[in-house]
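So the structure is just underneath, and the comments pick up after that.
Order of listing sets the numbers, starting from 1, for every ligand and every atom in it.
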Amino acid sequence: MTRAAHPADLSVLREIAEACDLRLSAAQLEQFAQYGTLLLSWRERINLTGITDWQGLQRTLFGDALALVPLILHYCQIQRSGGCSSLQDAAHATGGSSTASIPGCQLLDVGTGAGIPGIPLKLALPDLNLTLLEATGKKVAFLEHVLQALGLTHVLVIQGRAEEIAHNPGYRGHFDLVTARGLAPLPTLLELCLPFLHVGGYGIFPKGPRVDVEIHAAHYALHILGGTIVDVRTPPHPALATTRIVVVRLDRPVPSNYPRRAGIPQKRPILSRGTAAREDEKEGIS
Ligand code: SAH
């Protein structure tokens with residue numbers, strides 16, 4: 001394969017990884033470089049990301065994804081051990097090594113776009129079972145190209161909308177973990193993502209600094225959908241000072257009428273008892 005030249009300076013990425021207790025091998029850094037090169041070259045042809053340079057890629061896209069790694073390890077271990085794990089245990093699982101391991105963990109990235117955060121997560125955690133869900137065909141074509149170019153296995157790409165795919169029995173209630181970045185405000189995000197989790201699974205969502213407002217707005221959606229916010233974290237690196245990671249546990253199966261049909265979770269989010277009841281009437285949900 002012929003590769004465009006890429007700047008070798010991935011020091012920001014390396015620093016962020018170290019702050020997250022993860023040491024990336026030379027081979028992993030090379031994969032990040034290849035992926036970044038593809039992102040920057042395809043973005044000229046299709047609207048993949050607003051980010052135009054390597055610093056931005058490392059800080060914003062790769063950084064937000066790597067900041068999820070300790071939480072992914074932790075909440076995967078919790079599910080394996082029936083609740084007995086601490087974040088320190090998770091950090092020890094990485095052991096600062098390049099091959100942090102969570103065999104068998106099924107993670108879904110909803111509205112992955114160009115593969116964020118799913119693909120950096122797969123590069124950092126090679127034995128992750130990753131599913132990428134994206135509505136737009138051109139982005140799906142890019143994702144398939146990346147998987148082939150980087151030789152990534154155990155990654156499934158689905159083209160479709162969460163509102164439809166979440167009602168497919170093969171995917172509903174199937175995943176240990178679900179993530180999504182830049183998809184929607186929390187009330188809509190929860191409706192699109194929680195139906196994919198089995199009970200006891202976790203949603204791990206990178207958000208911006210105004211997350212408190214979103215959390216406040218999401219209380220009723222959590223009540224309706226059966227989720228609880230169990231953690232809100234700031235990543236351990238100054239480059240990610242404005243990122244907040246919200247962790248939601250699914251406590252009971254999501255009612256079968258959610259998510260509502262395509263476009264409704266965005267247009268009419270589950271915001272309060274009053275508005276939700278009116279939405280249910282419009283949708284014919286009783
Ligand atoms: N996660 C990426 C992309 C964010 S933009 C990042 O952080 O860079 C949101 C993406 O979600 C877009 O690519 C859009 O096509 C996709 N999307 C929007 N609504 C969707 C839905 N209902 N189901 C699946 N994908 C959706």
Ligand 1 N/O to protein N/O, distances under 3.5 Å:
unit_1	atom_1	unit_2	atom_2	d
ligand 1	1 (N)	Gly111	O	2.9
ligand 1	1 (N)	Ile116	O	2.7
ligand 1	1 (N)	Arg181	O	2.8
ligand 1	7 (O)	Arg181	O	3.3
ligand 1	7 (O)	Arg181	NH1	2.6
ligand 1	8 (O)	Arg181	NH1	3.4
ligand 1	13 (O)	Glu134	OE1	2.8
ligand 1	13 (O)	Glu134	OE2	3.1
ligand 1	13 (O)	Lys139	NZ	2.9
ligand 1	15 (O)	Glu134	OE2	2.6
ligand 1	15 (O)	Thr136	OG1	3.0
ligand 1	22 (N)	Glu163	OE1	2.8
ligand 1	23 (N)	Ala162	N	2.9
ligand 1	25 (N)	Ala135	N	3.4

#### Entry: Residues that Asp176 engages under side-chain contact (heavy atoms from CB on, under 4.5 Å), provided they are two or more places apart
Gln79, Arg80, Cys105, Gln106, His198

### Task
Taking atom types as modelled, find out whether Asp109 and Thr179 have a side-chain donor-acceptor pair closer than 3.5 angstrom.
no

### Message
Just to verify, what does Ala262 make a side-chain contact (heavy atoms from CB on, under 4.5 Å) with, not counting sequence neighbours?
### Response
Arg161, Glu163, Glu164

#### Entry: side-chain contact (heavy atoms from CB on, under 4.5 Å) involving Thr49 - partner list, sequence neighbours excluded
Leu39, Arg43, Ile51, Leu61

### Query
Any chain of hydrophobic side-chain contacts (each under 4.5 Å) joining Ile46 to Val146?
yes

### Query
Salt-bridged, Arg210 to Asp212, with N to O below 4.0 Å?
no

